[in-house]
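One structure is given below, encoded as structure tokens.
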Protein chains: 2
Amino acid sequence: MPEVSIKEVARLAGVSIATVSRCINSPEKVTERTRIKVEEAIVRTGYSPNTLAQSFRRGRTNLIMVVLPSVGDPFFTAVMRGIRTAARAKGYSVVIEETQLNTMTADEIGAMLVSKQTDGIILLASMSPFGTEILSAKSRRRLPIVVGCETISSELADLPSVHIDNVAAAKEATNYLISRGHERIGMIYGQATSLLTKDRELGYRAAMKQAKLPIRKGWVAEGQLTIAGARQATRELLNHSYCPTAIFCANDEMAIGCLHEVKAAGLAVPGDVSVMGFDDIRYAEVTDPPLTTIGQPAEEIGERVMYRLCRRIEEGQESNNEPEIVPHKLVVRQSVAPPRA
Amino acid sequence: MPEVSIKEVARLAGVSIATVSRCINSPEKVTERTRIKVEEAIVRTGYSPNTLAQSFRRGRTNLIMVVLPSVGDPFFTAVMRGIRTAARAKGYSVVIEETQLNTMTADEIGAMLVSKQTDGIILLASMSPFGTEILSAKSRRRLPIVVGCETISSELADLPSVHIDNVAAAKEATNYLISRGHERIGMIYGQATSLLTKDRELGYRAAMKQAKLPIRKGWVAEGQLTIAGARQATRELLNHSYCPTAIFCANDEMAIGCLHEVKAAGLAVPGDVSVMGFDDIRYAEVTDPPLTTIGQPAEEIGERVMYRLCRRIEEGQESNNEPEIVPHKLVVRQSVAPPRA
DNA sequence: TGCTGGAGTGTAAACGTTTACAATCCGTCG
DNA sequence: CGACGGATTGTAAACGTTTACACTCCAGCA
């Protein structure tokens, strides 16, 4: 830990610190001869620039923050992998904030940016108390914020975003169940505050309506995006006096819980009850039975979001704030079958 | 984004910048009256300290880095949750580096510390090319590095660490299989470079030896710590001319793949083949059948590791470098039964 | 020979904090 | 009343880097 600064290098090379700095940051501005001298000195001293000083001077940290509901969900870890790949390519490091653990307010997010701790923010979670503060800040200057996975409430609709068409995808999932002959279809959504989940519920309702199928009271239950929550919700559905023959879960994590609970109740999947998931996490193909679900290009979403954020940071402002819609696809496995006659 | 600095606050409050700084960092050194004046000015201006400048001045980032093999593994996300909880309590943010994605060398790690990008490092992955460079740096000054989950190669044994006794736990797992009557027991370990996995293999071998049970050639296969890898390894085991009646997997992720592959081969678990996991990730109780495994206090490990790192950072040096051993426990579910007669 | 201009280098300011030290204030005590 | 001392505040330096500006040097040209 030589604690060696640029001065020491300059002294050793017999040049000024400005020259050393130039050698590192814009070598073309410096003679071959000096460059070599300096490089030698750098090696000799074991010098490496103090990034703190650099960050301070340049006014940027090369750090971005990702806000997401739960790092535990394999879907998000897949998105994160994409983000990280892109970040690495662009020279950024990534810090993660989990909203589940500590509800982060819009204030905190704003503070994060103002105090320059991070150069930009990726929101993978919709924050419901999102509002005035950050918005007003936003109106003053274009914030380096990009939204991923979620559609976002209308007031923030002008933040750039990357996601699938959740409504359409959920509709497609429901239609698939209908096409296999189901008429009594229940749904487990996530948390009331999650817009993403809300959109999927919307798609489900739209599909049912279009097919002129009724949704009975009690057929839609909250699963809190967790296995335990989904099991509880499944129990409620199974106890329903007019029990659904198919259950559409707003994500695979919950579908896994649902699957387990249905079987625990002594029912067969898909013989007695069909189960449909959403996300196509990596466990979806090893459940028993393997899960029919909607696939999202998670890693691609991550990469795109990150690149979008980079553009935003670099350009300072971006004319195009259109949401970027990526394709989803139906993944048919074995957890859905026609209902028992 | 008012770009307001401490100067502006000082001007508005009619005091010097030093006083403003003191109000924020050590309010007890300042009169009630001045403090109030300054606080008003802070509110009025919407000032928040530039953390970049603070980091620079104080020589610390309040950022720590976690190096782990895979963020996707639920076990590590559980550890991460513990780390993050503790980090938040101590005012640190966390950045994650995944070794799988990009093999990080000891050099890079050293550079990270020297260039002050992070205040400390938590290693949840053993790095095999770990060695001289970082070691020599270490000998010069006590590095703020703490190791979690892994036992570490002997040359680095003096780095503080927090983990279960992997050898003993694996031995216990194997003994459990033996106690249920199994004699033909195979194992799927992770990656050859992973010491953690190595230790578990050691435990398995020790238990077999102690019970005077032979380990046939081909009963121990590499699963690469992934579902796909484990499925491949399982196939090899099942094709063995003298096929094991029980398979011990070095972690649950692989056990899930193993479980699936055994069933895909038309065999019953635990009827035909028993499967044993390690870690007790949250999916372990919803597999079919639910997985018998070894539980680790993942979140607790995370917290302890983080607190240990904090002490190391704050004190600069720590006399006690003993590994901290946390307890594991056998979790009996339904994937293990006596072998068919 | 003297000028011009461009390339290379050095000087010094600046970034926003923290903090050692000096200065001031004011109450208390001799 | 004056001196002392503790509490509060101000002054200014320092942290390590980048960079605008000024300077030097030298080649090329008139």
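Each chain gets a letter, A, B and so on, in the order its sequence line appears, and its residues count up from 1.
The existence of a salt bridge linking B:Arg84 and A:Glu97 is excluded, since no basic side-chain nitrogen approaches an acidic carboxylate oxygen closer than 4.0 Å. With respect to the salt-bridge test (charged N to carboxylate O, under 4.0 angstrom), the residues B:Arg311 and B:Glu314 do not qualify.
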- Query: Under the side chain to side chain contact (heavy atoms under 4.5 Å, CB included) criterion, do A:Asn62 and A:Asp119 qualify, and how do the steps go?
  - Reply: CA-CA 6 Å; A:Asn62 279 4; A:Asp119 295 343; 3.9 Å; yes
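Put simply, NZ on A:Lys29 is 15 Å from P on C:dG10, counting in whole angstrom units.
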- Tell me, for nucleotides 14-20 of chain C in 5' to 3' order, what letter each nucleotide earns: B for a base near a protein heavy atom under 4.0 Å, S for only sugar-phosphate near one, - for neither? BBBBBB-
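A:Ser70 places a side-chain N or O within 3.5 Å of a backbone atom of A:Gly72 that can act as its donor or acceptor partner.
For B:Thr31 and D:dT9, the shortest distance from a side-chain N or O to OP1 or OP2 is below 4.0 Å.
If you check every strand for non-hydrogen atoms under 4.0 Å, B:Thr34 touches sugar and phosphate atoms only.
Using modelled atom types and a 3.5 Å distance limit, the side chains of A:Tyr92 and A:Arg60 yield a donor-acceptor pair.
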